[in-house]
Amino acid sequence: MSAGRYAPSPSGDLHIGNLRTALLAWLWARRSGRDFLIRVEDLDRVRPGAEQRQLDDLRALGLDWDGAPVRQSQRLDLYEAAIGRLEGEGRVYECFCTRREILEAPTAPHHPPGAYPGTCRDLTEAERAVRRAERPAALRLRSEVATFTVADKLHGTYEGAVDDFVLRRGDGVPAYNLAVVVDDGAQGVDQVVRGDDLLASAPRQAYLATLLGTAPPTYVHVPLALNPAGQRLAKRDGAVTYAELRDAGVDVFALIADSVGATGSSPRELLESFDPAALSTQPWVFDPPVSSGR
Ligand code: GLU
C-alpha cells in the first residue's frame, strides 16, 4: 500500500494554516493515486472535544480519507515493540538528564546547538543504578550518525543533524519522533506532507526508519501560515478557525484553494489545476478578517 496522511495533534482547533496543510497533503496524496489517512497524534496535550472538531473541519473542507482515523493512544504496543527491537540491538540507553542539565551541559564542538550532548551515553551500570533511584529514565537512541540526508519535494536534498534523540520520555510516553516513524512504517505511509517547522526533524525520523527496516518516505514540507507581522499564525491573531472564519462570512475553501494556486469548488476539482511545482516555498501570510479581543 502507498499512502499519504495528515496527522493532527488534538491540542486545540485547527487554524487556517493547518487546514491549508491538510488540503495540500490530500492533494499530493490523491494526485499520485495514494490512499489518504488521518492519524490523531494524541499522546500529548489533548484538549477534550478537539479531535472531533478537527475531523469535522476537515470534512467541512471537503476532504475524505481511507479507513477510520487511528489514534496513537491506541497503538502503544507498537511503539513498545519498536523500542524493544532497538533495545535488543543495543541501540537504546537510559538518560536521567533534566532539561536544564542538557541546556547547561558543555556541548561538544561537532554537536549542533540543542543537540543532546551525550551525558548519559556511557554511564556504567553502577552509575545508572544510582541515577535510577533519583528519577525515572527516558530512553534515547544511540545514534551512529551525526547527520542524515532526506529528499524533500520542495526543499530538495536536505541534510540535518541526528543526535541521540528521545524514544520514550521519562514519564513513559513514547516520543513523537518514535511514534511518527513507527506509524508511518506500519501504515504504509510513503509520502509525508506537513508543515515546514518539522523539516529539521525529518533527518532523525528518516534515520530511525532505516533502523526499523522501512524506507524513509518522500517528504514535502510546506510553508507555514504567518500573520502580517511575520509571526506564526495563532488564535490570538483573530478569526483563524474554520468556524470563526465562516461566521465572519469567509469562504474558507475558496480562500485556501486560491492560496495554493488551484481553482475549483471541491478538493477533487482542484486536482485538475493543482501544480505542486508552482507552490511557493515562502510562508503564506494571512491577515485574519476580524480580531477577537486584541
Ligand atoms: N502531529 C504533528 C503536529 O500536529 C504533525 C506530525 C507529522 O506530521 O509528522 O504538528
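If you're wondering where the values come from, they're calculated on a predicted model, not measured in any experiment. Both ligands and their constituent atoms are indexed starting at 1 by order of listing.
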Hey, are D42 and S73 close enough side-chain-wise for a donor-acceptor pair under 3.5 Å?
yes

Within a distance under 4.0 Å of any heavy atom of L198, pick out the atoms of ligand 1 and give their elements.
5 (C), 6 (C), 7 (C)

Any E94 side-chain heavy atom under 4.5 Å of F96 side chain
yes

If you compare E41, Q72, Q54, R39 by their heavy atoms, the one closest to atom 6 (C) of ligand 1 turns out to be E41

Ligand 1 contacted by Y176 (non-hydrogen, < 4.0 Å)
yes

Any atoms of ligand 1 less than 4.0 Å from a non-hydrogen atom of R194? List them with their elements.
7 (C), 8 (O), 9 (O)

Could you tell me the residue and atom name of the protein heavy atom closest to atom 4 (O) of ligand 1, and the distance to it rounded to 0.1 Å?
S9 OG, 3.2 Å

Give the residue, atom name and distance (to 0.1 Å) of the protein heavy atom nearest atom 5 (C) of ligand 1.
A7 O, 3.4 Å

In this structure, CH2 of W28 is separated from CG of L23 (nearest 0.5 Å) by 11.0 Å

I'd like to know if V222 and F253 are part of one continuous hydrophobic network [Ile/Leu/Val/Met/Phe/Trp/Tyr, side-chain heavy atoms within less than 4.5 Å].
yes

Output the list of atoms in ligand 1 that are nearer than 4.0 Å to some heavy atom of V180, sorted by atom number.
9 (O)

Are the side chains of T119 and C97 in touch, meaning some heavy atoms are under 4.5 Å apart?
yes

Measure from NZ or CZ of R140 to the centre of the six-membered ring of Y116 and say whether it is under 6.0 Å with the direction within 45° of the ring axis.
yes

With a heavy-atom distance limit of 4.0 Å, tell me whether V192 approaches ligand 1 through its side chain, its backbone, both, or neither.
neither

Side-chain donor-acceptor contact under 3.5 Å, Y6 with Q54:
no

Quick test of your reading of the structure: of R5, Q205, R45, whose heavy atom lies closest to atom 7 (C) of ligand 1?
R5

